[in-house]
Amino acid sequence: MKACPREPEVVEAVTRGDWRQATALGDNDLRAHAASCAACGELVTLMQALREDHAVACRAADVPAAGTVWWRATIRARAEAAEKAARPITLAQGVAAASIAGVAAAFAGVAWRAFPSLPQPDPFVMLALGLGVCIVIAPLVLVFTLARD
Amino acid sequence: MRDVTLSSLERLGLGAAGAPVVDDGTLTFLMDEDAFRLFYDRTARPVWAYLARITGDRQLADDLLQETYFRFLRSRAEFEDEAHRRNYLFRIATNLAHDARRRAPMVTTPVDDGPGDFAHEHADPQSHDATGQAVRRLDLSRAMRRLKPRERSLLWLAYAQGSSHVEIARTLGLKTGSIKPLLFRARRRLSALLQGGAR
């Protein structure tokens with residue numbers, strides 16, 4: 001089946017309202033055409049079914065009141081804005097926690113050196129250890145903070 | 001639902017009229033509450049019907065409706081006219097339905113097969129054709145569900161809502177010239193499914 005050049009006219013007539021009413025108002029020629037043209041006949045049948053379905057679905061739609069939708073939207077917008085504002089604080093908390101861990105590791109290193117009887121590791125190993133602690137702690141703190149939020 | 005007191009609203013920063021407080025430029029909406037109410041009352045039901053039909057799920061349509069209007073309000077788009085604004089709203093709805101389908105392709109609460117079937121609930125009882133109408137709608141619903149999502153959107157927008165090809169192209173993010181052949185193919189498929197029995 002090929003598309004018919006008169007399809008736009010049919011679409012317009014059905015969209016205007018009831019097809020029977022539209023044809024009664026002077027589109028008899030179009031109605032006769034749709035009866036003999038397979039493409040237009042199919043189009044009318046489908047359009048009528050879809051438009052009927054649309055009308056029933058619109059009647060059945062149990063949509064919330066406009067005020068409720070507006071109210072929920074304002075609350076959500078406010079919550080999102082607050083979350084956005086808190087993001088730098090969360091980041092700062094992560095950095096602070098990592099710094100504390102680094103300083104604690106440094107103190108532990110100094111304290112270790114105060115006891116010469118204990119085996120003394122290389123200072124570079126200590127530094128690497130301190131950095132490692134920071135690198136491990138910082139993401140963990142961020143994950144826990146964001147999970148709490 | 002939890003009761004919301006005036007103090008809790010104040011803590012959230014909402015004024016007496018429920019308007020968002022614009023203190024940092026992040027809470028501005030696309031329109032004020034009165035304009036929104038008018039726009040919503042004109043569009044909510046068609047948007048819900050569209051969502052219900054293209055997702056095939058009433059519950060999902062309920063959720064996506066709220067999300068559609070939230071994203072619409074938060075957008076910074078500018079509109080030439082009412083039709084443009086409406087097309088933009090349907091575009092948001094289309095994208096949300098598409099995202100929801102990717103996340104959860106299984107249909108959970110079918111539009112017409114569940115206990116809350118509006119094909120039966122809302123058929124005109126005065127009409128002699130009420131049962132026939134319900135059966136036709138059930139067949140249509142089943143056939144629509146077997147179409148590709150884009151085909152469902154195309155058919156609904158073009159034939160149920162009466163949108164022009166330009167409007168459909170805007171809503172679905174397609175070229176205007178491609179709408180006619182795509183629509184024709186979708187129509188042929190729907191017709192074949194209906195004639196062959198969509199069960």
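Order of the sequence lines sets the chain letters (A, B, ...), proteins ahead of strands, with each chain counted from 1.
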Measuring heavy-atom distances to chain B, does [X] have an atom under 4.5 Å in its side chain, in its backbone, in both, or in neither?
{"X": "A/E12", "result": "neither"}
{"X": "A/V63", "result": "both"}
{"X": "A/A65", "result": "backbone"}
{"X": "A/P64", "result": "both"}

### Task
Go through the steps for B/E67 and A/R76 under the test salt bridge (Lys or Arg N to Asp or Glu O under 4.0 Å), then give the verdict.
CA-CA 11 Å; B/E67 185 66 23; A/R76 190 170 149 195; 2.6 Å; yes
For residues [X] and [Y], report the shortest heavy-atom separation together with the two atoms involved.
{"X": "A/R51", "Y": "B/G162", "value": "NH1-N, 4.3 Å"}
{"X": "A/L50", "Y": "B/L155", "value": "CD1-O, 3.9 Å"}
{"X": "A/A73", "Y": "B/Q66", "value": "N-NE2, 4.1 Å"}

#### Entry: Check: B/R45 side chain, A/A61 main-chain N or O, donor-acceptor pair, under 3.5 Å
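Looks like yes, one N/O pair under 3.5 Å.
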### Message
Out of the candidates B/Y40, B/Y69, B/F29, only one should pair with A/W70 under the ring pair (Phe, Tyr, Trp, His ring centres under 6.0 Å) rule; please name it.
### Response
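The option that passes is B/F29.
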### Query
Does the side chain of B/Y159 reach to within under 4.5 Å of the side chain of A/T15, using non-hydrogen atoms?
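No, every pair of side-chain atoms sits at 4.5 Å or beyond.
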### Task
Find the distance between CD1 (A/I75) and CZ (B/F70) and round it off to the nearest 0.5 Å.
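CZ of B/F70 is found 11.5 Å from CD1 of A/I75.
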